[in-house]
Asks: 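The structure that follows is given in the form of structure tokens.
Keep in mind that what you see is a predicted model, and the values were worked out from it rather than measured.
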Amino acid sequence: MMKFYKYQGTGNDFVMIDNRKGVFPKNNETLVAQLCHRRFGIGADGLILLEDDPQYDFRMVYYNSDGRESTMCGNGGRCVVAFAKQLGIIEHETLFIAVDGEHRATIEGDSYVRLQMKNVTEVEEHKGYVFLNTGSPHHVQWVEEVDAVDVKSEGATIRYGELYATQGGSNVNFVSKGEKGFKVRTYERGVEDETYSCGTGVTAVAIALYHIGETDAQQITLHTRGGDLQVAFDRVGEGYENIYLSGSAQFVFDGTIEELKGKE
């Protein structure tokens with residue numbers, strides 16, 4: 001039997017497990033996928049283990065809903081900070097380690113998290129799209145009206161296409177400008193579908209918009225299907241530093257897994 005917690009950050013939802021005792025079977029991809037399944041499991045875009053680390057407040061280990069350990073997840077990072085506060089590990093600020101390196105974060109109240117993202121050293125401009133890595137790889141494509149895009153179909157076409165065939169695919173973001181600002185929809189690899197929000201995705205979109213001159217703001221609010229996220233950054237030389245992703249990270253419910261099943 002194991003206790004789990006469910007969190008969501010602007011509709012991007014996660015199963016959280018306190019694995020400081022190291023009892024979760026981390027190599028069991030089938031089990032992780034079952035726990036994330038929306039029909040036969042708890043249901044989530046991903047699963048996050050919070051673990052002890054001798055040099056940091058905690059370690060974040062992230063799995064996509066397909067069961068595979070993955071690259072950085074921005075909304076998951078914000079949610080694990082709120083989870084760490086719920087567990088009493090931190091109070092208002094933290095320094096933790098994830099797959100892409102260390103992250104600083106602050107939390108206001110129980111749910112507003114400001115997370116420092118990795119520096120971006122290179123932004124690739126191409127005809128019709130921009131590519132950059134914000135802890136995870138992101139393709140950013142400008143469209144006339146993002147609400148009219150078939151994100152699952154068009155995102156999958158790009159994700160599995162020739163552009164990223166040798167890189168294991170890419171996350172794909174579509175962005176357009178509406179009356180209230182920039183709107184973003186994201187196809188996430190590993191979920192293989194559109195998610196309500198993607199933290200590393202909106203971070204990539206904000207930097208891409210600035211880089212190509214669509215905005216001169218270095219603090220941008222992005223509108224996703226699950227809510228609004230704020231991205232702030234500094235342009236330093238040819239790259240971007242002091243990048244922060246901010247928004248809500250909310251506890252939804254908790255429960256117990258009676259029996260851990262799944263093939264090794």
Asks: To the nearest 0.5 Å, how far apart are CG in Asn133 and OG1 in Thr203?
Replies: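 Output value for this atom pair is 11.5 Å.
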Asks: Going through the distances and angles, do Thr256 and Glu258 end up as a side chain to side chain donor-acceptor pair (under 3.5 Å)?
Replies: CA-CA 6 Å; Thr256 55; Glu258 293 299 323; 3.3 Å; yes
Asks: Under 6.0 Å from the CZ atom of Phe40, do we count more than 12 heavy atoms belonging to anything else shown?
Replies: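 Counting neighbours around CZ of Phe40, 12 or fewer heavy atoms of other residues, nucleotides or ligands fall under 6.0 Å, so no.
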Asks: Is it the case that the ring center of Phe233 lies less than 6.0 angstrom away from the ring center of Tyr210?
Replies: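 Yes - the distance between ring centres of Tyr210 and Phe233 falls below the 6.0 Å cut-off.
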Asks: Look at the rings of Tyr129 and His126 and say which category their plane angle falls in: under 30° parallel, 30 to 60° tilted, over 60° perpendicular.
Replies: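 If you compare the ring of Tyr129 with that of His126, the planes turn out parallel.
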Asks: I'd like to know if Val23 and Ile42 are part of one continuous hydrophobic network [Ile/Leu/Val/Met/Phe/Trp/Tyr, side-chain heavy atoms within less than 4.5 Å].
Replies: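 Shared cluster, yes.
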Asks: Are Phe58 and Phe24 linked, directly or through intermediate hydrophobic residues, by side-chain heavy-atom contacts shorter than 4.5 Å (ILVMFWY only)?
Replies: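 Hydrophobic grouping puts Phe24 apart from Phe58.
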Asks: Between atom CD of Glu188 and atom OG of Ser65, what is the distance when rounded to the nearest 0.5 Å?
Replies: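 Going from CD on Glu188 over to OG on Ser65, the span is 8.5 Å.
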Asks: What heavy-atom pair brings Asn64 and Gly190 nearest, and what distance separates the two atoms?
Replies: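 Where Asn64 meets Gly190 most closely, the heavy atoms are ND2-CA, 3.4 Å.
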Asks: With a 3.5 Å cut-off and no angle check, do the side chains of Thr186 and Asn173 form a donor-acceptor pair?
Replies: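 Side-chain D/A pair, Thr186 to Asn173: present.
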Asks: From Asn119 CG over to Ile243 CD1, what is the distance, rounded to the nearest 0.5 angstrom?
Replies: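 With rounding to 0.5 Å, CG (Asn119) is 6.0 Å from CD1 (Ile243).
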Asks: What about the rings of His103 and Phe96, do their centers lie closer together than 6.0 Å?
Replies: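 Yes; Phe96 has its ring centre under 6.0 Å from that of His103.
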Asks: Any sub-3.5 Å donor-acceptor pair from Tyr7's side-chain atoms to Gly76's backbone N or O?
Replies: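 No, Tyr7 side chain to Gly76 backbone: no donor-acceptor pair under 3.5 Å.
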Asks: Enter the distance from Thr221:OG1 to Gln230:CD here, rounded to the nearest 0.5 Å.
Replies: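 That separation rounds to 4.0 Å.
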Asks: Do Arg104 and Glu93 pass the side-chain contact (heavy atoms from CB on, under 4.5 Å) test, and can you show the C-alpha distance, the side-chain angles, and the key distance before you say yes or no?
Replies: CA-CA 8 Å; Arg104 295 187 182 278; Glu93 58 185 41; over 6 Å; no
Asks: Mind listing the closest non-hydrogen atom pair of Gly135 and Lys118 along with its distance?
Replies: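 In this case the closest contact between Gly135 and Lys118 is N-CD, 3.2 Å.
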Asks: Search all heavy atoms of Asn12 against all heavy atoms of Tyr196 and return the closest pair with its distance.
Replies: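 That closest heavy-atom pairing would be N-CB, 4.5 Å.
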Asks: Is the CZ atom of Arg68 crowded by more than 12 outside heavy atoms at less than 6.0 Å?
Replies: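 Result for CZ/Arg68: open.
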Asks: Could you go through the side chain to side chain donor-acceptor pair (under 3.5 Å) check for Thr195 and Asp45 one step at a time?
Replies: CA-CA 7 Å; Thr195 54; Asp45 292 327; 5.1 Å; no
Asks: Restricting to non-hydrogen atoms, name the atom on His138 and the atom on Ala204 that form the minimum distance, rounded to 0.1 Å.
Replies: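 Here His138 and Ala204 meet closest at CB-CB, 3.6 Å.
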